[in-house]
*Asks:* 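A single structure is presented below for examination.
Numbers restart at 1 for each chain; the letters A, B, ... are given by sequence-line order, proteins then strands. This one's a predicted model, so the numbers in the text were calculated from it and none came from an experiment.
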There are 2 protein chains.
Amino acid sequence: MTATEEPKRRRGRPPSGGREAILAAALEILREQGIANLTSREVAARAGVSDASVYYHFGDRAGLIQAVFAHAMSPLELMAGLEDLDLEPAELIRRSFAALTEFFIKALPVIGAAQTDPELRASMAAYIDQNNLGPHKGVERLGGYLRAQQAAGRVRADLDPDAFALVVIDSAFAAAARRVMLGHKLELLPSSEAVLAEITRLL
Amino acid sequence: MTATEEPKRRRGRPPSGGREAILAAALEILREQGIANLTSREVAARAGVSDASVYYHFGDRAGLIQAVFAHAMSPLELMAGLEDLDLEPAELIRRSFAALTEFFIKALPVIGAAQTDPELRASMAAYIDQNNLGPHKGVERLGGYLRAQQAAGRVRADLDPDAFALVVIDSAFAAAARRVMLGHKLELLPSSEAVLAEITRLL
DNA sequence: GTCTATAGGTTGATAGAC
DNA sequence: GTCTATCAACCTATAGAC
């Protein structure tokens, strides 16, 4: 009996596959309770499977955590298709900023969790490198777009496209980090809109 | 006998007080190996004291970790006296950026470690709030300086001082986070000098 | 593929002598 | 204040039945 009478006790739809359920449960625990509480027991209980099932699917704890990394970062088509919309440069920057912030809010707890252990950090850095997820990719993309706009005369000619791109990315990163780490006690800070209004003056 | 024959087996000067030795050892372990490996046993071994001594001084593990937070963040006189030097605004921004980056590099492993557990995160957020260490303090300070410079006509009058201050702080934060989290694989990114050159155009 | 049961190890924390 | 000794709890991982 897998669990036909027990309603799997999670809020979302109960994924039929045990492996998926474990991954989803692990990601939830990681985000809500931190990696310190990401034990095989907790994961198994929340996923509605047994403890041993976790080890059957992922080998060991490190394997599970790595799988969670991949699972959390893969649905990442950042800024996809934005360039094709022929938007005002300032508007494209705003939308990119929003997409980046959303991505970082999801990814940060996972990235941060990897910092708790040297092995995990190395494994995570390797993963980011392998899958071309590092910040240079964003700089490349946004910077490339800005260079094209410069060629078209829609952006100030002596703007440093890569430096500007990095400023946008870093602002989104920091905004996400504040929300994740300090909770919601940020009313005293300038809004993202105000920050973007200031940044986009550089264009 | 505290430890006159045993040379305390750490590299720095051997602090006579056991409490200080424990704090120093804990901070080292936290930075080098992450909070997951911050056990009472490891700390005691590195500090050259016994396991129970840790509990005598700090009550429990959470107490030790909180003490480490305070110990790691207290020597923080950020941007102190910079305003008095009567520098060019752009130069003051550069120096503030450097000071902020240095601070974040030291503080980030500690702040990040607190994210691994909800209780620790709450306790850390409370500590930051209590000791007025949040980002709004930096915004207040840098923003206030910029307002004064605006009044003196040395900075563009329609600059949003707080938004600009936040951009500077966020760039420093992100630069520090990259160095801490991704190691030293950042040659492809624009330098901080290039970023600052771009940002300070807004002044 | 999923379960129960358990071995084996590590940790947080306490008791009590010195 | 510091130590040794120890406990109870928890965790990872495996073995073997279904």
Side-chain angles (χ1 to χ4, degrees), chain A residues 1-10 14-26 29-30 33-68 113-114 116-120 123, chain B residues 1-10 14-26 29-30 32-69 113-114 116-120 123:
Chain A
M1 283 123 216
T2 50
T4 44
E5 49 202 11
E6 262 286 331
K8 285 250 173 52
R9 61 171 24 106
R10 277 317 294 164
S16 53
R19 195 192 145 96
E20 294 305 313
I22 292 171
L23 274 180
I29 294 174
L30 189 65
Q33 311 187 10
I35 198 175
N37 298 46
L38 185 69
T39 67
S40 52
R41 294 230 199 306
E42 282 256 343
V43 171
R46 190 178 288 222
V49 301
S50 90
D51 192 35
S53 196
V54 176
Y55 290 94
Y56 171 79
H57 284 293
F58 301 99
D60 56 3
R61 195 180 112 107
L64 170 63
I65 293 177
Q66 271 193 268
V68 172
T116 53
D117 189 274
E119 283 184 39
L120 283 180
S123 140
Chain B
M1 281 123 221
T2 51
T4 45
E5 51 202 12
E6 262 287 332
K8 286 249 172 52
R9 60 170 24 106
R10 278 316 296 165
S16 53
R19 196 193 144 93
E20 295 304 313
I22 292 172
L23 273 180
I29 294 174
L30 190 64
E32 292 171 14
Q33 310 188 9
I35 199 174
N37 299 49
L38 185 69
T39 67
S40 54
R41 283 177 170 44
E42 281 252 347
V43 171
R46 190 180 288 223
V49 301
S50 90
D51 192 33
S53 195
V54 176
Y55 289 94
Y56 171 78
H57 283 293
F58 300 99
D60 58 3
R61 194 180 113 106
L64 170 64
I65 294 177
Q66 272 192 267
V68 171
F69 288 166
T116 52
D117 189 274
E119 284 185 39
L120 282 181
S123 139

*Asks:* Distance check needed: D:dC10 P versus A:D51 CG, whole Å only.
*Replies:* 14 Å
*Asks:* Can you tell me which residue among B:I35, B:I65, B:V43 is in a side-chain contact (heavy atoms from CB on, under 4.5 Å) with B:L30?
*Replies:* B:I35
*Asks:* Can you tell me if the side-chain N/O atoms of A:Y56 get under 4.0 Å from OP1 or OP2 in C:dG1?
*Replies:* yes
*Asks:* Of the nucleotides C:dA13, C:dC3, D:dA13, which has the atom closest to the B:D60 side chain?
*Replies:* C:dA13
*Asks:* Among C:dC3, C:dG12, D:dC3, which nucleotide has an atom closest to any side-chain atom of B:R61?
*Replies:* C:dG12
*Asks:* Nearest whole Å is fine: how far is C:dA13 P from B:I22 CD1?
*Replies:* 14 Å
*Asks:* To the nearest 0.5 Å, what is the distance between CG (A:N37) and CG (B:D117)?
*Replies:*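 Result: 5.0 Å between the selected atoms.
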*Asks:* Rounding to a whole Å, what distance do you find between A:I35:CD1 and D:dT12:P?
*Replies:*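 Value for this atom pair: 11 Å.
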*Asks:* With DNA chain D as reference, determine whether A:A36 or A:G59 sits nearer its 5' end, using the nearest nucleotide of each.
*Replies:* A:A36
*Asks:* State whether A:S40 places a side-chain N or O below 4.0 Å from either non-bridging phosphate oxygen (OP1 or OP2) of D:dT12.
*Replies:* yes
*Asks:* Check the distance between D:dC10's P and A:N37's CG and give it to me in whole angstrom.
*Replies:* 12 Å
*Asks:* Do side-chain atoms of B:R61 reach the backbone of B:L38 as a donor and acceptor pair under 3.5 angstrom?
*Replies:*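 Checking the backbone N and O of B:L38 against the side chain of B:R61, a donor-acceptor pair under 3.5 Å is found.
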*Asks:* Side chains of B:F58 and B:R19: closer than 4.5 Å at any heavy-atom pair?
*Replies:*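 Yes - at least one pair of side-chain heavy atoms lies under 4.5 Å apart.
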*Asks:* When you measure from the side chain of A:H57, which nucleotide among C:dT4, D:dT2, C:dT2 comes out closest?
*Replies:* C:dT2
*Asks:* I need the CD1-P distance between B:I65 and C:dT11, as an integer number of Å.
*Replies:*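 To the nearest whole Å, that distance equals 14 Å.
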*Asks:* Once you round to the nearest 0.5 Å, how far does CD of B:Q33 lie from CZ of B:R46?
*Replies:* 5.5 Å
*Asks:* Measure from CZ on A:R19 to P on C:dG1 and round the result to the nearest Å.
*Replies:*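 In whole Å, C:dG1 P lies 10 Å from A:R19 CZ.
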*Asks:* Can you tell me the distance, in whole Å, between the CZ atom of A:F58 and the C1' atom of C:dT2?
*Replies:*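 Spelled out: CZ on A:F58 to C1' on C:dT2 is 14 Å.
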*Asks:* Taking the side chain of B:S50 as heavy atoms from C-beta outward, which of D:dC3, D:dC11, C:dC3 is closest to it?
*Replies:*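 Out of D:dC3, D:dC11, C:dC3, the nucleotide with an atom closest to B:S50's side chain is D:dC3.
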*Asks:* Could you check A:L38 against B:R41 and say which one's nearest nucleotide on DNA chain D is further toward the 5' end?
*Replies:*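 Closer to the 5' end of DNA chain D: B:R41.
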